[in-house]
Amino acid sequence: MKCKKIKEIILSDYIDDELDLECRKNVEIHLEKCESCRQFKDDVDLNIVGILQHASKLEPRQELWYKIKDKLEPKRRLFVPENITGFLKGLFTVRKPIYAVAAIMMLVVVTGVFSKLYMNEKNSLDRYLGEQMAFVLSLDNGSEDENDDIGIPFEIFSI
Amino acid sequence: MQNISKETIIKAAGGDIEAFEDIYKVFSGYVYAIAYRVLGNKEDAEEVSQDVFVKIYRNLHKFNFRSALKTWIYRITTNVAINMYKKTIKHKKRNVEYDDTIFSEKNKGSKVEKIEIEDKERTIKKMLEILPVDQKMCIVLKDIEGLSYEEISKALGVKLNTVRTRLKRAREKLIFRFRTRRDLYEV
């Protein structure tokens, strides 16, 4: 067998123990006789395959499992905006204009309803306050109101 | 490599996270190691590992037991790692600096032994950087992971002769580099 062919076999099947018994024997017979091929085989064995075969065992960090688990079981997260601007931007970003129009109209209607309720409430309050004020003023002026008369003279009442 | 029972695989395929964690514990080292050796840095290796295990989890129901689980997982790992490699090459993100990834022997032994381990790892990294990704993957699977030609052929989805040729060419490059520019192997 020629050296070129032997070296090709050394680089693959021979060094990887994939040769059948007969082929392996033929290669070894050649290696016994050929210094160049023997040196070549030693170089491949010690300085290539030998180094790689002694590579360290690698381990991932423990955190890797938790990262993977998070991807497999996504959990609901509380929305925590990173900053106010981002939050407001997210709040007011609307995908379709029709939704924005509907939201604005709803806001107007709700505002109107609550305003009316408030105004009604305010008017009642104003009326009540006005009546009370008039009563107090009437007391100050000394004016008599027959509605105040309870029908019994003071002298009799105070006994 | 510890064997995973068929029952565990079926449970994991049904969504049982605890069963899937058993699979993860057996295979995470192999997946991470292949990714790290091909990509050269721990960040990319972790990203690939995550992608691989998510893919495994989502596709485990398709695993039909015709091949070994190991072969199936190696197939996914090599595909994801090679795709990531091609992507990072395009964006030139490859980190060629040595990083302090976790070697299980690193924390054991004397200071001298630790330095020897680091030197050895630097050498291996330099050797693998010389090779194109298809040859690098074959070398990693054969010389570092110890797979047979047939297992590599199934993992990569290529013919046996293709595996043989890639290994031969990879070692030719490495031996040529060793003989002509030995300084590139020295730390």
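Below, chains carry the letters A, B, ... as their sequence lines are ordered, and counting in each starts from 1.
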Atom CZ in B/R169, atom CD in B/Q135: separation rounded to 0.5 Å?
7.0 Å
Could you go through the side-chain contact (heavy atoms from CB on, under 4.5 Å) check for B/E116 and B/K120 one step at a time?
CA-CA 6 Å; B/E116 280 176 1; B/K120 177 186 66 175; over 6 Å; no
Establish, yes or no, whether the cationic atom of A/K57 lies under 6.0 Å from the six-membered ring centre of B/Y30 and within 45° of the ring axis.
yes
Centres of the B/F178 and B/F176 rings: under 6.0 Å?
no
In residues 6-18 of chain B, which residues are in contact with chain A at a heavy-atom separation under 4.5 Å?
B/I17
Following the transitive rule for hydrophobic clusters with a side-chain heavy-atom cut-off under 4.5 Å over Ile, Leu, Val, Met, Phe, Trp and Tyr, establish whether B/F65 and B/W72 coincide in one cluster.
yes
What are the residues of residues 145-152 of chain B, in order of number, with any heavy atom under 4.5 angstrom from a heavy atom of chain A?
B/S148, B/Y149
Answer with side chain, backbone, both or neither: which region of A/I15 has an atom nearer than 4.5 Å to a non-hydrogen atom of chain B?
side chain
From the list B/A35, B/A33, B/A45, the residue making the most non-hydrogen contacts under 4.5 Å with chain A is B/A33
Partner set under side-chain contact (heavy atoms from CB on, under 4.5 Å) for B/N161, not counting sequence neighbours:
B/R164
Below 4.5 Å, heavy-atom pairs only: which of B/K25, B/E172, B/E46 has the largest tally toward chain A?
B/E46
Please evaluate residues A/D70 and A/K67 with respect to the criterion salt bridge (Lys or Arg N to Asp or Glu O under 4.0 Å), reporting the C-alpha separation (whole Å), side-chain torsions for both, the decisive distance (0.1 Å), and the verdict.
CA-CA 5 Å; A/D70 272 348; A/K67 283 187 180 180; over 6 Å; no
Shortest non-hydrogen contact between B/L69 and B/F27, atoms and distance
CD2-CE1, 3.7 Å
Give the minimum heavy-atom separation between A/R38 and A/K33, together with the two atoms involved.
NH1-N, 4.3 Å
Value for OH (B/Y36) from CD (B/E43), rounded to nearest 0.5 Å, stands at 9.5 Å
Between B/V54, B/I139, B/D51, B/V140, who has the most heavy-atom pairs with chain A when the cutoff is under 4.5 Å?
B/V54
Part of A/E18 within contact of chain B (heavy atom distance under 4.5 Å):
side chain
Chain B contact via A/D13 - which portion, at a heavy-atom distance below 4.5 Å
both
Is there a path from B/I89 to B/M137 through hydrophobic residues (I, L, V, M, F, W, Y) whose side chains come within less than 4.5 Å of each other?
yes
Go through the structure and list residues passing side-chain contact (heavy atoms from CB on, under 4.5 Å) with B/K55, not counting sequence neighbours.
B/N59, B/I76, B/V80
In terms of heavy-atom contacts, A/L46 and A/I51 come closest through O-CG1, 3.7 Å
Please classify the contact of B/K142 with chain A as side chain, backbone, both or neither, using a heavy-atom distance under 4.5 Å.
side chain
